[in-house]
Amino acid sequence: MSGPETSATETNAIETRRLSLWYGNFQALKEVTISLRQGIITSLIGPSGCGKTTLLRCFNRINEGYGNVRTSGEIRILGENIYAPGVSLVELRKGVGMVFQRPNPLPISVYENVVFGLRIHDDGRLARPDLDEAVEKALTEVGLWKDLKDRLQTRATGLQLVQQQKLRIARLLPLKPEVILVV
């Protein structure tokens, strides 16, 4: 696999070199080299079971949580080696957001879903008006504000599935991720 060619002056959003991944003895990825340009929407297309989701999960190191997973090769996000010593998984996942096929809103209000990430990364500087503004902006950007502006305290798990999926994207937006992966 390889992505579009880039000039020496452009930064790639994601680069892999000879990336391999094993679940136990099963090798799911075999020496994948790919360059994905920054600011370009890119799709991975292939048959079920060919490793698309596994590859995407590598980009924010989610596969490591499954146990008995081993990787080799290199992954760079915006030029930074995500396996370098001292890389914070919390900061990596803040910059590389992931939206899964099945909606997974938190079992709390719509409002609290949107500000969840902000609260995790907040160092006490965000006041209620800042949070309110972030909620309105994120919900507007995903097309939910008109439908939910009077229902912000509604439990998110009670929303329609399409609304839950949009809410999941809205939860990422206030963090301003540099890469969004949609599985």
Side-chain angles (χ1 to χ4, degrees), residues 1-24 26-46 50-102 104 106 113-126 130-131 134 137-138 141-142 165-183:
M1 294 167 77
S2 66
E5 294 297 318
T6 59
S7 74
T9 59
E10 290 179 325
T11 300
N12 286 314
I14 300 172
E15 292 180 277
T16 67
R17 287 194 173 67
R18 301 185 70 183
L19 175 66
S20 295
L21 179 136
W22 292 261
Y23 294 111
F26 173 72
Q27 188 171 6
L29 299 176
K30 298 178 184 178
E31 297 197 4
V32 175
T33 297
I34 189 168
S35 295
L36 304 174
R37 288 188 8 222
Q38 189 172 0
I40 303 294
I41 296 172
T42 305
S43 296
L44 298 177
I45 300 170
C50 74
K52 301 178 300 290
T53 299
T54 296
L55 178 63
L56 291 177
R57 287 179 175 163
C58 286
F59 299 151
N60 68 4
R61 295 179 53 182
I62 278 185
N63 290 320
E64 295 172 28
Y66 294 118
N68 206 16
V69 172
R70 181 172 51 92
T71 59
S72 67
E74 181 179 32
I75 302 173
R76 291 188 172 275
I77 305 289
L78 299 170
E80 300 294 322
N81 179 353
I82 68 169
Y83 287 102
V87 168
S88 162
L89 288 181
V90 170
E91 289 302 312
L92 172 65
R93 292 175 183 154
K94 178 182 176 189
V96 181
M98 194 159 210
V99 178
F100 294 95
Q101 183 176 6
R102 181 173 291 158
N104 59 345
L106 300 170
N113 263 271
V114 177
V115 300
F116 182 80
L118 287 174
R119 290 194 194 283
I120 289 175
H121 296 283
D122 182 25
D123 58 5
R125 293 179 295 153
L126 291 174
D130 298 322
L131 296 174
K137 184 173 191 255
E141 288 177 352
V142 299
Q165 188 69 7
K166 288 178 178 182
L167 180 63
R168 178 61 182 100
I169 296 167
R171 195 164 74 208
L172 288 175
L173 296 179
L175 298 175
K176 298 178 175 56
E178 300 191 62
V179 175
I180 297 176
L181 307 170
V182 181
V183 179

Is a side-chain donor or acceptor of Thr42 paired with a backbone partner of Leu36 at a separation under 3.5 angstrom? no
Rounded distance [0.5 Å steps], CD1 in Ile77 versus CD1 in Ile82: 5.0 Å
Take Ile14 and Leu181 through the test side-chain contact (heavy atoms from CB on, under 4.5 Å) and record every step on the way to the result. CA-CA 11 Å; Ile14 300 172; Leu181 307 170; 4.2 Å; yes
Residues in salt bridge (charged side-chain N to carboxylate O under 4.0 Å, His left out) with Lys137, at least two apart? Glu141
Which pairs with one or both residues in residues 77-89 pass side-chain hydrogen bond (donor to acceptor under 3.5 Å, both in side chains), sequence neighbours excluded? none
The criterion is side chain to side chain contact (heavy atoms under 4.5 Å, CB included); which residues satisfy it with Tyr66, sequence neighbours excluded? Arg57, Ile62, Asn63, Val69
Please enumerate all residues that pass side chain to side chain contact (heavy atoms under 4.5 Å, CB included) together with Val182, with sequence neighbours excluded. Val99, Ile180
Does atom CD (Glu91) have a neighbourhood of more than 12 heavy atoms from anything else shown, all under 6.0 Å? yes
Listed by chain and number, what are the salt bridge (charged side-chain N to carboxylate O under 4.0 Å, His left out) partners of Arg76, not counting sequence neighbours? Glu74
Measuring from Leu131:CG to Leu126:CG, what's the distance to the nearest 0.5 Å? 5.5 Å
Say you draw a straight line from CG of Leu56 to CG of Leu44; how long is it, rounded to the nearest 0.5 Å? 5.0 Å
Once salt bridge (charged side-chain N to carboxylate O under 4.0 Å, His left out) is applied, do any residues pair with Arg70, and if so which ones, sequence neighbours excluded? none
Mind checking the CG-CD1 spacing from Leu55 to Ile34? Nearest 0.5 Å is all I need. 6.0 Å
Contacts of type side chain to side chain donor-acceptor pair (under 3.5 Å), residue Thr54, not counting sequence neighbours: Tyr23
Run the side chain to side chain donor-acceptor pair (under 3.5 Å) test against Arg93 and tell me which residues pass, sequence neighbours left out. none
Indicate yes or no: at least one non-hydrogen side-chain atom of Phe59 is less than 4.5 angstrom from one of Val179. no
Show your working on side-chain contact (heavy atoms from CB on, under 4.5 Å) between Leu78 and Gln38 and close with a plain yes or no. CA-CA 8 Å; Leu78 299 170; Gln38 189 172 0; 3.7 Å; yes
Which residues satisfy the salt bridge (charged side-chain N to carboxylate O under 4.0 Å, His left out) test with Arg119, sequence neighbours excluded? Glu112
N/O donor-acceptor pair under 3.5 Å between Lys52 side chain and Gly46 backbone: yes
Report yes if the side chains of Pro177 and Val96 come closer than 4.5 Å at any heavy-atom pair, otherwise no. no
Which atom names give the shortest non-hydrogen contact between Met98 and Val183, and what distance separates them? CE-CG2, 3.3 Å
Residues at least two apart in sequence or cross-chain that pass side chain to side chain contact (heavy atoms under 4.5 Å, CB included) with Ser20, listed by chain then number, are Trp22, Gln27, Glu31, Ser72
Does any pair with a residue in residues 170-183 pass salt bridge (Lys or Arg N to Asp or Glu O under 4.0 Å), and if so which ones, sequence neighbours excluded? none
Using side chain to side chain donor-acceptor pair (under 3.5 Å) as the criterion, list what pairs up with Asn104, not counting sequence neighbours. Arg168
May I ask you to decide if Phe100's main-chain N or O and Gln165's side chain share a donor-acceptor pair within less than 3.5 Å? yes
Contact between Cys58 and Leu21 at the side-chain level, heavy atoms closer than 4.5 Å - yes or no? yes
Rounded to the nearest 0.5 Å, how far does CG of Leu118 lie from NZ of Lys94? 8.5 Å
So does Ile41 have more than 12 non-hydrogen atoms from other groups sitting under 6.0 Å from CD1? no
